[in-house]
Peer 1: 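Let me begin by handing over the structure; questions about it come next.
Each ligand, and each atom within it, is numbered from 1 in the order the structure gives. Fair warning: this is a prediction, and the values are worked out from it, not measured in the lab.
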Amino acid sequence: MGLLDQDVIERFGRDGFVVTEGMLTDDELDHYGEAIDAAVARRTEGDRRTLSEKGTYEQSFIQCMRLWETEEAVRPLVFSLALGQAAAELLGVDAVRIWQDQALYKEPGGRITDPHQDATFWPIGDAPLISAWIPLDGSTRGTGAMAYVPGSHRAGRLRPVNLLHTTEPYDILADPAVAGREPVTVEAPRGSVVWHHGLTVHQAEPNASEQMRRTFTIVYIADGARREKGWHTFPLERAGIGVGERIEGPSLPLAWPRVAGDLPEPPGELGRPTGPQ
Ligand SMILES: O=C(O)CCC(=O)C(=O)O
């Protein structure tokens with residue numbers, strides 16, 4: 001039986017993003033928020049840099065990836081059956097795998113997250129990909145809310161944006177495929193999940209508040225997707241997946257369907273690189 005209303009699925013298909021409210025309770029958010037905070041604190045301890053001392057990419061957010069592998073307390077969130085089922089229904093596929101999860105904490109004063117498409121960072125062709133962007137405190141304008149260019153996922157793969165700013169900038173919003181379409185800023189009450197398609201052009205506004213913008217995201221890929229190109233990509237190299245092979249294995253586990261309560265074991269080798277890889 002379906003979890004989401006047909007109308008929600010249709011809006012996602014049309015716009016490439018949608019908000020689903022009431023996916024997580026306050027208690028769950030308190031519990032997971034504490035565990036994610038602790039993981040971020042542990043992984044960043046020793047980093048005494050102020051925001052202005054950081055590079056451009058890190059001024060957009062503190063990024064801590066693949067928490068499901070190291071944080072037992074976060075694992076049930078990443079393998080939430082409701083979230084996995086919703087991801088599969090929005091993509092219109094039977095099964096989804098975890099591509100990655102991450103905490104994205106935008107510091108007070110943190111800069112814009114530059115507009116980009118996620119899927120272009122990876123050699124996965126047109127494989128259906130979707131992100132669950134979970135604002136642990138809800139999301140309001142002025143505090144790093146996300147904004148999406150409606151329908152841009154239907155423009156296909158555009159050029160990858162260099163979020164590290166190490167090459168000539170490419171303004172994806174000026175790309176003829178999407179030019180003239182304004183990103184729509186999305187607010188979401190606590191408990192919501194904001195979903196976007198892997199090809200939706202999106203950005204996040206600066207965090208003008210005094211509080212950390214605490215977000216956790218889970219990126220799902222359709223089961224059965226194959227690697228299309230050979231360029232180095234950490235999750236695929238680690239899993240030993242060659243061009244043309246199916247994207248699967250212990251480090252890329254199924255999120256839906258699964259048996260309730262059956263959480264996967266993390267792979268032996270823990271990888272923690274950050275950045276848009
Ligand atoms: O949270 C942000 O600032 C950016 C998030 C993002 O780009 C993503 O989830 O794909």
Side-chain angles (χ1 to χ4, degrees), residues 12 15-20 23 33 36 40 51 54-68 77-78 83 86-87 90-91 96 98-122 124 127-149 152-153 157-158 160-165 170 172-173 178 183-188 190 192-209 211-221 233 235 274-277:
F12 180 78
D15 296 334
F17 67 94
V18 78
V19 180
T20 53
M23 299 289 288
I36 295 165
V40 170
L51 188 64
K54 295 184 175 179
T56 311
Y57 182 73
E58 289 177 292
Q59 287 183 9
S60 292
F61 41 63
I62 296 167
Q63 180 181 34
C64 295
M65 302 182 79
R66 292 176 258 280
L67 296 194
W68 81 264
L77 173 61
V78 177
L83 295 183
L90 290 170
L91 287 178
V96 289
I98 298 297
W99 174 256
Q100 66 182 31
D101 71 62
Q102 57 191 350
L104 293 177
Y105 278 28
K106 198 182 277 287
E107 296 175 74
R111 67 184 290 280
I112 182 177
T113 305
D114 297 300
H116 64 280
Q117 287 176 314
D118 295 335
T120 51
F121 298 136
W122 306 306
I124 56 172
L129 189 86
I130 187 169
S131 282
W133 193 87
I134 305 168
L136 299 172
D137 304 298
S139 178
T140 51
R141 275 174 187 272
T143 64
M146 291 281 274
Y148 305 92
V149 178
S152 51
H153 61 308
R157 283 173 81 92
L158 306 178
V161 172
N162 180 349
L163 295 174
L164 300 173
H165 289 249
Y170 154 58
I172 197 170
L173 294 177
V178 294
V184 172
T185 303
V186 170
E187 299 193 308
R190 193 167 194 242
S192 310
V193 176
V194 190
W195 302 89
H196 67 266
H197 188 279
L199 289 173
T200 302
V201 176
H202 61 281
Q203 63 188 32
E205 59 172 17
N207 181 5
S209 80
Q211 274 79 46
M212 183 75 87
R213 187 217 64 186
R214 303 183 310 148
T215 301
F216 187 69
T217 88
I218 309 169
V219 185
Y220 304 87
I221 189 166
T233 307
T274 57
Q277 56 220 302

Peer 1: Return yes when T215 approaches ligand 1 closer than 4.0 angstrom through a heavy atom, no otherwise.
Peer 2: no
Peer 1: With the side chain counted from C-beta on, respond yes when H202 and W133 share a heavy-atom pair under 4.5 Å apart, and no when they do not.
Peer 2: no
Peer 1: Would you say that I62 contacts E107 through its side chain, given a criterion of any heavy-atom pair below 4.5 Å between the two side chains?
Peer 2: yes
Peer 1: Out of curiosity, is H116 lining ligand 1, as in a heavy atom under 4.0 Å away?
Peer 2: yes
Peer 1: When the ring planes of F17 and Y148 are compared, do they come out parallel, tilted or perpendicular, using 30° and 60° as the limits?
Peer 2: parallel
Peer 1: Which residues satisfy the side chain to side chain contact (heavy atoms under 4.5 Å, CB included) test with R141, sequence neighbours excluded?
Peer 2: T185, E187, E205
Peer 1: What is the nearest protein non-hydrogen atom to atom 4 (C) of ligand 1, stated with its residue, atom name and distance?
Peer 2: T113 CG2, 3.6 Å
Peer 1: Heavy-atom distance under 4.5 Å between the side chains of I221 and W122, does that happen here?
Peer 2: no
Peer 1: With the side chain counted from C-beta on, respond yes when T113 and K106 share a heavy-atom pair under 4.5 Å apart, and no when they do not.
Peer 2: yes
Peer 1: Do V40 and R214 touch side chain to side chain, with heavy atoms closer than 4.5 Å?
Peer 2: no
Peer 1: Strictly under 4.0 Å, does any heavy atom of Q102 approach an atom of ligand 1?
Peer 2: no
Peer 1: Give the atom numbers and elements of ligand 1 that come within less than 4.0 Å of a heavy atom of D118.
Peer 2: 10 (O)
Peer 1: Name the closest protein heavy atom to atom 6 (C) of ligand 1, giving the residue it belongs to and the distance to 0.1 Å.
Peer 2: H202 NE2, 3.5 Å
Peer 1: Check each heavy atom of H196 against ligand 1 and say whether those closer than 4.0 Å belong to the side chain, the backbone, both or neither.
Peer 2: side chain
Peer 1: Suppose I only count heavy atoms of L104 and a 4.0 Å limit; which atoms of ligand 1 are within that range?
Peer 2: 1 (O), 5 (C)
Peer 1: Would you mind listing which atoms of ligand 1 come within a distance below 4.0 Å of any non-hydrogen atom of A204?
Peer 2: 2 (C), 3 (O)
Peer 1: Would you mind listing which atoms of ligand 1 come within a distance below 4.0 Å of any non-hydrogen atom of R213?
Peer 2: 1 (O), 2 (C), 3 (O)
